[in-house]
Amino acid sequence: WGAGSFGRCGHGEETDFLVPQVVTSMIGKSCSQVALGVCHSLALTRGRIWSWGGFLYTGHGEDDDIEAARELDDEELKNHSIVEIAAGRFH
C-alpha cells in the first residue's frame, strides 16, 4: 500500500492504496526480502532481483516507469546468486 506514483506499488498503475494489496505480478514467486526506495521497490526471489517504479531507479535502463514487477536481467548478475538487497532513497 502507499503512494502509487511512478508505479512504485507494483500494481500496474499509479493509484494510491490505503490498505495492503496483493502485487499480482509477484504471485507464484517466493519472496525472501523486499526493499523500498522513495520512487522504486525491489524484491528478492531465489537469488534473483525484481524491481518496479520510477524508471531512473529500477536498474532496467528504460526511459519509462516500470509499473509491475520485472526481473532485473543484467549480464553482470547472471552468474551470481544474490542473497540480500537494499534500497536507498533513490538507488
Between V34 and I49, is there shared hydrophobic-cluster membership here, with clusters defined by ILVMFWY side-chain heavy atoms closer than 4.5 Å? no
Gap between atom [atom2] of [Y] and atom [atom1] of [X] - 0.5 Å precision:
| X | Y | atom1 | atom2 | result |
| --- | --- | --- | --- | --- |
| S81 | L44 | OG | CG | 8.0 Å |
| W50 | D73 | CH2 | CG | 10.0 Å |
| S51 | H40 | OG | NE2 | 8.0 Å |

Nearest atoms (heavy-atom pairs only) where L42 meets A86: CD1-O, 3.6 Å
The complete set of salt bridge (charged side-chain N to carboxylate O under 4.0 Å, His left out) pairs with one or both residues in residues 42-54, sequence neighbours excluded, reads R48-E71
Residue pairs passing the salt bridge (charged side-chain N to carboxylate O under 4.0 Å, His left out) test with at least one member in residues 24-34, sequence neighbours excluded, are none
For V22, what are the other residues in its hydrophobic cluster, where any two members join if their side-chain heavy atoms are less than 4.5 angstrom apart? I27
Just to verify, what does S25 make a side chain to side chain contact (heavy atoms under 4.5 Å, CB included) with, not counting sequence neighbours? V23, A68, A69
Report the residues that fulfil side chain to side chain contact (heavy atoms under 4.5 Å, CB included) with L36, sequence neighbours left out, ordered by chain and then residue number. S41
Can you find a pair of side-chain heavy atoms, one from S30 and one from T45, that are under 4.5 Å apart? no
Has Q21 got a side-chain atom pairing as donor or acceptor with V19's backbone, closer than 3.5 angstrom? yes
Quick one: side chain to side chain donor-acceptor pair (under 3.5 Å) partners of Q33, sequence neighbours excluded? none
